[in-house]
Amino acid sequence: MSLRTLWPGLLLCMALGAAAGVLYQQHHRLMSIPFLAALPLVMLTKWSSPLRYYMRLSVYLSGMAACSIWGVIASIAMSLVGRSKDINYVVARTFHGTVAPLVGIRFTVEGEEHLYDNRPAVIIGNHQTMLDILYLGRIFPTGASIMAKKELKFMPLLGQFMTLSNAVFINRAKGKADAVAMFAKVADTMKAKVLSLFIFPEGTRSHSATPTLLPFKKGAFHLAVAAQLPIVPIVCENYSSAYSSKNKRFDGGDLVIKVLPPISTEGITSSSEDINALVDKTRNIMLEALQELTKRRDEINRVKKVFDSAELTEASEERQELLAEESTAEAEASSS
């Protein structure tokens, strides 16, 4: 069903909703007109995928904006009481707790204990779309911050929030020698503050409809080796069936996040051979986990279709039996 065919009905429903809002406010004064006027719009999202996409996307982006403001307030307050290491945890959980139910996303986390049994650590995760912020909101641990490009430091609100929450800013334009020195400095900070860092090793969003990973950049691995800290990989299953900006789809659903066992960096040097081997090993482990989650989801969907089909068959058979009984009763009544 296209939006073009929905416009007449949509406008009518909004008009009726506004009229109902006026009447309701006059008699009860408990709900505002805009809220009631939006109810038909919300109801129509059940039947229109594009409308549902834009509705939920608006909610998601509004939630991000609201949490950015909340983040600045929380970061100032928590810094004053000496809890700056937990700013990201508080803001992340707030974002997940408020936005996830509104956009229909539900997470199940496996292996979450690995985030707390290995601290500090370099935490890495797969990067699919901007919706990844929501899965970070669910699993981001206490005592952790993020690594980000230096340009973000000067963005209004976001830059102040990230600075107060112990974010580590890096200059990607620096040469290899400067990068090594920078990672050594960051490593010292992590160990001194007992602070974990989260990094997207792919460096950019994959937007992939299949369970795959882009090539990994090596910064996170140089950092882990410099600090001799473990790497904790996180994989969120491919959710292109739940959200796709390309196909204007935002249907929501159940998603699994898997925190994998830590990968030790003890004894590994910063040589190209060691770093490349560590990158390949970590990426292969994450890719295998990602593909396993997809196979599991496919099996769940297959079983669900079988049960749904069986239920439809059973309902059809019951309906046929009822019709047969009615026909028999009518025949008996006619003969008598």
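What you are looking at is a predicted structure, and each value in this text was computed from that prediction instead of being measured.
I123 is not listed as a side-chain neighbour of F140, based on a closest heavy-atom distance of 4.5 Å or more. Side-chain atoms of M286 and L290, non-hydrogen and from C-beta on, never get closer than 4.5 Å to each other. For the pair L61/M64, a side-chain contact is recorded, criterion being any heavy-atom separation below 4.5 Å from C-beta on. Annotation: side chain of T189 is not in contact with side chain of V168 (no heavy-atom distance under 4.5 Å). S196 places a side-chain heavy atom less than 4.5 Å from the side chain of P120. Within the 4.5 Å cutoff, no side-chain heavy atoms of H96 are placed close to those of I139. When side chains are defined from C-beta on, E237 does not count as touching P211, because their heavy atoms never get closer than 4.5 Å. Put simply, the side chain of H207 reaches to within 4.5 Å of the side chain of T129, judged on heavy atoms.
Qualifying salt bridge (charged side-chain N to carboxylate O under 4.0 Å, His left out) partners for R296, counting only residues two or more places apart in sequence or in other chains: E110, E292.
Y239 and D251 form no side-chain donor-acceptor contact under 3.5 Å, judged by distance and modelled atom types alone. Side-chain contact of T294 with N238: a donor-acceptor pair under 3.5 Å is absent, judged by distance alone.
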Quick one, M190 with V122, criterion side chain to side chain contact (heavy atoms under 4.5 Å, CB included). Give me CA distance, side-chain angles, the key distance, then yes/no. CA-CA 9 Å; M190 291 176 67; V122 175; 4.0 Å; yes

Mind running side chain to side chain contact (heavy atoms under 4.5 Å, CB included) on T142 and Y116 for me, showing each step along the way? CA-CA 8 Å; T142 56; Y116 294 94; 3.6 Å; yes

Between L195 and S145, is a side chain to side chain contact (heavy atoms under 4.5 Å, CB included) present by the stated rule, with each step listed? CA-CA 7 Å; L195 184 71; S145 191; 4.3 Å; yes

Begin with the C-alpha distance, continue with both residues' side-chain angles, and end with the deciding distance and a verdict on side chain to side chain contact (heavy atoms under 4.5 Å, CB included) for V103 and L131. CA-CA 11 Å; V103 298; L131 209 65; 5.6 Å; no

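Looking at S244, its side chain never comes within 3.5 Å of a backbone N or O of S240 through a donor-acceptor pair. Counting only distance, with no hydrogens or angles, the side chain of Q228 and the backbone of G267 share a donor-acceptor pair below 3.5 Å. S271 places a side-chain N or O within 3.5 Å of a backbone atom of D274 that can act as its donor or acceptor partner. Between the side chain of R106 and the main chain of G252, no donor-acceptor pair closer than 3.5 Å is present. Side chain of R138 to backbone of T108: no donor-acceptor contact under 3.5 angstrom is found.
Follow the hydrophobic side-chain contacts under 4.5 Å out from Y89 and you reach V109 in the same cluster. The cluster map of Ile, Leu, Val, Met, Phe, Trp and Tyr, joined by side-chain heavy atoms under 4.5 Å apart, puts M162 and L80 in the same cluster. Under a hydrophobic clustering in which Ile, Leu, Val, Met, Phe, Trp and Tyr are joined whenever their side-chain heavy atoms come within less than 4.5 Å, directly or via other members, F95 and L164 fall into the same cluster. Both V90 and I69 belong to a single network of hydrophobic side chains, linked directly or stepwise wherever heavy atoms of I, L, V, M, F, W or Y lie under 4.5 Å apart. The same ILVMFWY cluster, assembled from side-chain heavy atoms under 4.5 Å apart, contains both M155 and I76.
Looking at every heavy atom in both residues, N276 comes nearest to K218 through OD1-NZ, 2.7 Å. Here the shortest heavy-atom pairing between T265 and A224 reads OG1-O, 3.4 Å. Pairing each heavy atom of Y54 with each of K248, the nearest pair is OH-CE, 3.2 Å. Shortest non-hydrogen contact noted between R297 and D254 is NH2-O, 3.1 Å. Across every non-hydrogen atom of I231 and F221, the tightest pair is CD1-CD2, 3.6 Å. Shown here for F107 and C236, the closest heavy-atom pair between the two residues is CE2-SG, 4.4 Å.
Heavy-atom neighbours of R93 CZ from other residues, nucleotides or ligands within 6.0 Å: above the threshold of 12. The number of heavy-atom neighbours closer than 6.0 Å to NZ of K185, taken from other residues, nucleotides and ligands shown, is 12 or below. Counting non-hydrogen atoms of neighbouring residues, nucleotides and ligands closer than 6.0 angstrom, the NZ atom of K295 reaches no more than 12 such neighbours.
The aromatic rings of F183 and H222 sit parallel, their planes meeting at an angle under 30°, below the 60° perpendicular limit. Using a 30° and 60° split on the angle between ring planes, F250 and Y243 fall in the perpendicular class, above 60°. Relative ring orientation between F200 and Y135 is described as perpendicular, the plane-to-plane angle rising above 60° on a 0-90° scale split at 30° and 60°.
If you take NZ on K85 and CE on M78, they are separated by 11.5 Å, rounding to the nearest 0.5 Å. Note that CG of D86 and OG of S75 are 13.0 Å apart. Values are rounded to the nearest 0.5 Å. Rounding to the nearest 0.5 angstrom, the gap separating the CG atom in L197 from the CD1 atom in I124 is 12.5 Å. Residue M147 holds its CE atom at 4.5 Å from CG of L223, rounded to the nearest 0.5 Å. A distance of 6.5 Å separates CG in N166 from CD1 in I87, rounded to the nearest 0.5 Å. Note that CG of N118 and OG of S264 are 10.0 Å apart. Values are rounded to the nearest 0.5 Å.
Counting only residues at least two apart or in different chains, ring pair (Phe, Tyr, Trp, His ring centres under 6.0 Å) contacts with residues 271-303 are absent.
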